[in-house]
Each structure stands twice: as C-alpha cells, then as structure tokens.
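These notes are about the structure you will find just below.
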Amino acid sequence: MNFLPLVIIPLAVCWPVHGAWDSCGGSCGLRPMASYYGHGSRVVGGTDAQPGAWPWIVSIQAPAGPGMGTGHVCGGSLISAQWVLTAAHCFTKVSHISMWRVVIGATQLSQMGPETQVRSIQRLLVHEHYVTRVERNDIALLELDQPVQCGYYVQLACVPDASLRVSELTTCYVSGWGFTTARSGRPSDVLQEAQVHLIDVKLCNSSQWYRGAVHSHNLCAGYPQGGIDTCQGDSGGPLVCKDNSADYYWLVGVTSWGQGCARPRQPGVYTSTQHFYDWILVRMGLRPAVTTTPAPRPVFTTTPFQRPRPTATQTGNFRPCLFPLQKLMDFFNLLQELLQYLRG
C-alpha cells in the first residue's frame, strides 16, 4: 500500500488583493509537485516531464486553420497571474493576436487534464528595439485576458534583479514542447525537460563557436559536445536555475536562437531576463522595489510589486503568503483522507 508523504507546510496570513484572494500567494519559483516524484537528471536529448514538473511554463498557440483549432507555436513563462514572458521572434508575422491562446498547467497538449487553464491574449508587447535579423532584444510580454489560478500545477517564475550572480548557478534546466530531434518536423505532444550547464559567453562567442554573434544581453546554455539542446518550438520557453542556497528556481533566460539543434560548440542562446528586469517592470506598469538587503530574493511580479521571501519590500494592503491558500486546503483534504483510511 502506498502512502502519501506527510509534509509540514509553512503557514502565513494572506490578505485579499482588491477584494479577491490572490491564489498565487506571494511566492514564485516553487515546484510543489517535485516532492511526489524522482527527477531525472537528463527538447533534444531530453526526457518526458512529469505533470506539474515546471509549473510556470505555458504553451502559446495560434489558429491552425479553419476548423482545425490551435497549434503550439512557442513556449513562455508565467511571471504573474496575468503576464507571460516569452520571445519577440514568436510574433514576427502575427496577425489577430486575440485569436491566439495560452495554455497553462498542461503536460500533454493533446490530453489536457482538469488542472489545465486556457486564456486568451489581451495585449502583446514586443520589445521596441527588437531586431529580427540578429535577434537583438528578443523578448516580449503577453497580458492575459483573465488572471490564472495558482495551485500544484500552476506557479509563477522568479525574475532575478541585478543582485543575483547568475554565472554562479550550477543546476539549470530547459523545458518545452519543441522538436525532439533536429529533423522531427513537428513539436512534441508531451513536455520535454533536460538539464543543461551555463556556458561562458566569451567562450560561446569565440572563433570556433558563434564568432561574435552572441549579444551581451544573451546567455548560452547546453554542452560543448552538443547532444542536449532546445530546438524549434521551444522558443520563448524558460531556462531556469536552482538557487544555490534555497529550494526555488530562477527564470534566468528566454529561449531565443541557435545554429541547428544540439550541435557541438553551438549551444542554445537565451535572452537574459536579468538584463531586461527594468524593461519588464516598466511594461507591466510596475516599479522596482527598494530593498536594503544585498542578498537576492525571488521577484514576484504582481500588484503591488514585492519580494516574497521573507517579507514584502513595498508598502500596500497585501502581506505575502509563503504557501497559497489552495495548497493548504488540498493538503488538509489529503490528510483527512489519510486519517479516514487509517481509521478504517
């Protein structure tokens, strides 16, 4: 007989925001489902992700044709209950953006479960200095028509400010529904994941690698020998790295470009979210929080703008909740079921 693990959950008090409960609870970068399964250390060269493994990733979908529904185009990351961060090049030929949709909380796109949420796009904000030919400033924001509800399968990604030393992060992952081989010709139906290493940009820009094509606002990630990489269809998706001293993840990059897929000395190139931190805040209508603490903390981009651990750094009528209310309810329901089983 299998028993669910008994977990002690940190508690905090959440106050309503504008008359409604904030289901995302003032937290980001968390993976609630990770404790329920073993995570493979090993997208091209990746493996199938478990449901809820990367709860901030979204599938951005466009109309496939008359009577054909929508099809996956790009990935993205949920950074607030109503905003998605993605790549600008996903929208170079876009028309009728209101007909596109964003799928949140899914793992297998052809069989979306009850945990999946679907939203329309209310507004598209492409970086005003995006240059298609060289993929400069390849970043964009999507405002959803309605906020999402956070839970086990839907969480927010953490956007780092300048105080985080991204180059020192050692445990990084990519995920997406893109091609699983360079010649597969179609996106994957099941979310793929793979562990990657950050590669020094100077090496990435050297004569045997990308020969100066990588910008200062880019990151490189993968392996010198190739074999594991993002590919077509993974564009806009997350490059995340685990914090070195805590159990949460930073959204450090947005999948941008690369020469082929998984080739030696040609790793994936990503737009640095840290570099565009201020741009993101301005476009979302937020202002950076003032903090006196030198150590970086996850940035939870909601209203009012705040840092979720350990306290908010901007005044307002909201106190951060380290664990969303819905998770507490789910936990106590599971605990009640366990006690009833033991009594029986």
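Note that the structure is predicted; figures quoted are calculated from it, not measured.
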(request) Look at the side-chain heavy atoms of Ile, Leu, Val, Met, Phe, Trp and Tyr, link any pair under 4.5 Å apart, and say whether Ile60 and Val118 land in one connected group. (result) no

(message) Contact between Phe179 and Cys261 at the side-chain level, heavy atoms closer than 4.5 Å - yes or no?
(response) no

(request) Taking Tyr249 for its side chain and Arg31 for its backbone only, find out whether a donor-acceptor pair lies under 3.5 Å. (result) no

(request) State, yes or no, whether a side-chain contact exists between Leu198 and Leu239 at a heavy-atom distance under 4.5 Å. (result) yes

(request) Find out whether Gln155 and Pro32 are in side-chain contact, i.e. whether some heavy atom of one side chain is under 4.5 Å from a heavy atom of the other. (result) yes

(message) Are Asn218 and Thr271 packed together at the side-chain level, in the sense that at least one heavy-atom pair is separated by less than 4.5 angstrom?
(response) yes

(request) Enter the distance from Arg101:CZ to Ser59:OG here, rounded to the nearest 0.5 Å. (result) 8.0 Å

(request) Determine whether Tyr152 and Pro51 make a side-chain contact, defined as any pair of heavy atoms from C-beta on separated by less than 4.5 Å. (result) no

(message) For a 4.5 angstrom cut-off between non-hydrogen side-chain atoms, does Leu85 reach Leu141?
(response) yes

(message) Any side-chain to backbone donor/acceptor pair from Gln259 onto Tyr210? Under 3.5 Å, distance only.
(response) no

(message) Under a 3.5 Å distance rule, please check whether Thr273 uses its side chain to pair with a backbone N or O of Leu251 as donor and acceptor.
(response) yes

(message) I need the single residue from Ile97, Asp145, Val84 that forms a side chain to side chain contact (heavy atoms under 4.5 Å, CB included) with Ile121. Which is it?
(response) Ile97

(request) Measure the shortest side-chain to side-chain distance between Trp100 and Thr70 over non-hydrogen atoms and say whether it is less than 4.5 angstrom. (result) no

(message) Can you give me the closest heavy-atom contact between Thr86 and Gly75, atom names plus distance?
(response) OG1-O, 2.8 Å

(request) Nearest 0.5 Å please: distance from the CH2 atom of Trp279 over to the NE2 atom of His129. (result) 11.0 Å

(request) Determine, using the 4.5 Å side-chain heavy-atom cutoff (strictly less than), whether Val174 and Ile199 are members of one ILVMFWY cluster. (result) no

(request) Mark yes or no for whether Thr230, through its side chain, and Ser235, through its backbone, hold a donor-acceptor pair below 3.5 Å. (result) no

(message) As an exercise, state the distance from CH2 of Trp209 to SG of Cys204, rounded to the nearest 0.5 Å.
(response) 6.5 Å

(request) Could you list all the salt bridge (charged side-chain N to carboxylate O under 4.0 Å, His left out) pairs where at least one residue sits in residues 110-125, not counting sequence neighbours? (result) Arg123-Glu143

(request) Taking ring-ring contact (aromatic ring centres under 6.0 Å, His included) as the test, write out the residues that go with His217, two or more places apart. (result) His215, His275, Phe276

(message) Between His89 (side chain only) and Asp138 (backbone N and O only), is there a donor and an acceptor less than 3.5 Å apart?
(response) no

(request) Using the rule that two of Ile, Leu, Val, Met, Phe, Trp, Tyr join whenever any of their side-chain heavy atoms come within less than 4.5 Å, decide whether Val94 and Tyr130 are in one cluster. (result) yes

(message) According to salt bridge (Lys or Arg N to Asp or Glu O under 4.0 Å), who are the partners of Arg263, at least two apart in sequence or on a separate chain?
(response) none

(request) Apply the side chain to side chain contact (heavy atoms under 4.5 Å, CB included) test between Leu156 and each candidate in Ser77, Ser27, Cys150; give the one that qualifies. (result) Cys150

(request) For Asp189 and Ser110, indicate whether the former's side chain and the latter's backbone hold a donor-acceptor pair under 3.5 Å. (result) yes

(request) With rounding to the nearest 0.5 Å, note down the distance linking NZ in Lys242 to CG in Asn244. (result) 7.5 Å

(request) Could you grab the distance from atom OG of Ser256 to atom CZ of Arg136, nearest 0.5 Å is fine? (result) 11.5 Å

(message) Can a donor-acceptor pair be found, under 3.5 Å and without considering hydrogens, that links the side chain of Asp229 to the backbone of Val44?
(response) no

(request) Answer yes if Trp83 and Tyr277 sit in the same cluster of Ile, Leu, Val, Met, Phe, Trp and Tyr residues linked by side chain heavy atoms under 4.5 Å apart, and no otherwise. (result) yes

(message) A side-chain contact here means heavy atoms from C-beta on lying under 4.5 Å apart; do Ser98 and Ser120 qualify?
(response) no

(request) Verify the neighbour count for atom CD of Gln208: are there more than 12 heavy atoms of other residues, nucleotides or ligands below 6.0 Å? (result) no

(message) Measuring from atom SG of Cys220 to atom NZ of Lys202, what distance do you get when rounded to the nearest 0.5 angstrom?
(response) 13.5 Å

(request) Give a yes or no on whether the backbone of Leu164 and the side-chain of Gln274 come within a donor-acceptor separation of less than 3.5 Å. (result) yes

(message) If we ignore hydrogens and angles and just use 3.5 Å, is the side chain of Trp177 paired with the main-chain N or O of Thr107 as donor and acceptor?
(response) yes

(message) Is it the case that the side chain of Asn205 and the backbone of Val214 share a donor-acceptor pair, with hydrogens and angles ignored and the cut-off at 3.5 Å?
(response) yes

